[in-house]
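Following: one structure in structure tokens, then a few remarks.
Both ligands and their constituent atoms are indexed starting at 1 by order of listing. In this chain, residues are counted from 1 in sequence order. Just so it is clear, the model here is predicted, and its values are computed rather than measured.
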Amino acid sequence: VEQTYIMIKPDGVQRGLVGEIISRFEKKGFLLKGLKLFQCSKDLAQEHYKDLKDKPFFPKLTDYITSGPVVCMAWEGDGAVASARKLIGATNPLQAEPGTIRGDLAVQTGRNVVHGSDSPDNGKREIALWFKEGELCQWESVQTPWLTDTDGSHCSS
Ligand code: GTP
Ligand code: MG
């Protein structure tokens with residue numbers, strides 16, 4: 001099953017949005033596999049955003065991500081990566097649709113409250129980067145049967 005790495009950035013934690021943001025993924029019906037409050041090093045922030053290392057905003061970005069604790073989460077579900085990106089909304093919160101996390105809760109690209117993996121491969125990479133072995137839980141939610149069609153599949157059309 002697909003997994004995505006979702007992270008509430010330091011501004012989301014400081015602004016008291018942790019419960020609100022977690023709630024959106026819970027209510028959607030994804031399965032929470034890992035969760036922790038964590039103060040990350042500059043090295044880890046640089047590794048996480050390594051694809052952006054040549055961007056002019058890279059030093060500001062890694063300062064931002066290390067400026068306070070973040071909430072690290074691993075969420076699982078069919079299509080979780082793309083769906084979480086939709087729930088999060090556009091990178092620039094002023095362009096993010098109302099109803100999305102960034103559209104509802106943020107105004108600046110450099111303070112956009114939440115991260116979501118941009119591909120299933122990056123989901124795996126980022127979960128391995130932010131969580132140690134043993135920090136993820138294997139469990140079954142009682143909700144799963146009520147989120148699942150009787151033949152076990154989900155409609156794509
Ligand atoms: P993430 O989920 O955090 O990866 O955001 P994203 O996938 O929507 O955007 P992207 O990966 O391109 O950029 C990562 C993060 O860098 C963004 O979420 C912003 O916080 C920051 N960022 C991107 N572009 C800019 C920019 O032009 N200026 C500033 N200050 N920050 C930027
Ligand atoms: Mg990104």
Side-chain angles (χ1 to χ4, degrees), residues 1-133 135-137 141 147 154 156:
V1 195
E2 199 167 288
Q3 294 191 343
T4 187
Y5 177 67
I6 303 296
M7 179 168 71
I8 304 173
K9 297 178 180 182
D11 51 329
V13 176
Q14 290 288 352
R15 291 177 53 211
L17 298 174
V18 169
E20 162 90 32
I21 293 170
I22 292 176
S23 197
R24 298 203 178 199
F25 295 95
E26 268 191 314
K27 285 190 244 179
K28 175 69 175 170
F30 294 133
L31 181 68
L32 183 61
K33 304 301 294 278
L35 170 69
K36 65 179 177 185
L37 185 69
F38 185 65
Q39 173 76 55
C40 86
S41 66
K42 195 58 71 76
D43 277 357
L44 181 54
Q46 288 171 347
E47 180 63 23
H48 173 77
Y49 280 124
K50 68 178 179 189
D51 292 350
L52 302 173
K53 68 177 187 319
D54 297 327
K55 300 281 184 188
F57 58 81
F58 186 71
K60 272 180 61 182
L61 175 59
T62 56
D63 283 351
Y64 163 44
I65 295 302
T66 57
S67 64
V70 297
V71 173
C72 309
M73 293 178 274
W75 289 94
E76 184 176 281
D78 287 330
V81 168
S83 177
R85 298 271 295 180
K86 283 195 171 183
L87 291 177
I88 288 170
T91 305
N92 180 344
L94 294 183
Q95 257 115 59
E97 294 294 329
T100 65
I101 295 168
R102 288 170 177 163
D104 289 348
L105 304 174
V107 286
Q108 288 196 0
T109 299
R111 293 289 182 274
N112 60 5
V113 302
V114 65
H115 161 80
S117 305
D118 61 10
S119 68
D121 280 351
N122 272 335
K124 279 188 206 136
R125 175 182 83 87
E126 292 167 4
I127 289 168
L129 188 63
W130 289 87
F131 287 99
K132 293 186 200 128
E133 244 182 77
E135 285 183 329
L136 300 177
C137 288
S141 167
L147 288 158
H154 63 287
S156 55

| said: Holding to side-chain hydrogen bond (donor to acceptor under 3.5 Å, both in side chains), I want the full list of residues that pass it with E26, two or more places apart in sequence or in another chain. | reply: none
| Can you tell me if L61 has a non-hydrogen atom under 4.0 Å from ligand 1? | yes
| Please state which protein non-hydrogen atom is closest to atom 6 (P) of ligand 1 and give its distance, to 0.1 Å? | T91 OG1, 3.5 Å
| remark: among protein heavy atoms, the one nearest atom 22 (N) of ligand 1 is F57 CE1, 3.4 Å
| said: Main chain of T66, side chain of Q39: is a donor-acceptor contact present, judged purely on distance under 3.5 Å? | reply: yes
| remark: The protein heavy atom nearest to atom 1 (P) of ligand 1 is H115 ND1, 3.1 Å
| query | Which of the numbered atoms in ligand 1 are below 4.0 angstrom from a heavy atom of G116? | reply | 2 (O)
| How are the rings of W130 and Y5 set relative to one another: parallel (under 30°), tilted (30 to 60°) or perpendicular (over 60°)? | parallel
| said: Just to confirm my output: which protein heavy-atom neighbour is closest to atom 17 (C) of ligand 1, and how far is it? | reply: N112 ND2, 3.6 Å
| Ignoring hydrogens and geometry, is there a side-chain-to-backbone donor-acceptor pair from R102 to V113 under 3.5 Å? | no
| Proximity flag R85 to ligand 1, non-hydrogen atoms under 4.0 Å | yes
| Over-ring placement of K9 relative to Y64, 6.0 Å and 45° cut-offs | no
| Nearest protein heavy atom with distance in Å, relative to atom 20 (O) of ligand 1 | T109 O, 3.0 Å
| request: Could you tell me the residue and atom name of the protein heavy atom closest to atom 5 (O) of ligand 1, and the distance to it rounded to 0.1 Å? | output: R102 NH2, 3.3 Å
| task | Output yes when a side-chain donor or acceptor of E76 lies under 3.5 Å from a complementary backbone atom of L31, and no otherwise. | result | no
| said: For H48, which part has a heavy atom under 4.0 Å from ligand 1: side chain, backbone, both, or neither? | reply: neither
| remark: In this structure, atom 30 (N) of ligand 1 is nearest to the protein heavy atom K60 NZ, 3.8 Å
| task | Identify, by atom number and element, the atoms of ligand 1 in contact range of Y49, meaning under 4.0 Å from any of its heavy atoms. | result | 1 (P), 3 (O), 4 (O), 14 (C)
| said: Tell me whether ligand 1 is touched by K9 - counting only heavy atoms on the residue side and a distance under 4.0 Å. | reply: yes
| Would you say the side-chain atoms of E20 pair up with the backbone N or O of L17, donor to acceptor, closer than 3.5 Å? | no
| request: Might you confirm whether atom CD of Q14 has over 12 heavy atoms from other residues, nucleotides or ligands at distances under 6.0 Å? | output: no
| task | Give the residue, atom name and distance (to 0.1 Å) of the protein heavy atom nearest atom 13 (O) of ligand 1. | result | L52 CD1, 3.5 Å
| said: If you apply the rule side-chain contact (heavy atoms from CB on, under 4.5 Å), what do you find for L35 with I22, and how did you get there? | reply: CA-CA 10 Å; L35 170 69; I22 292 176; 4.1 Å; yes
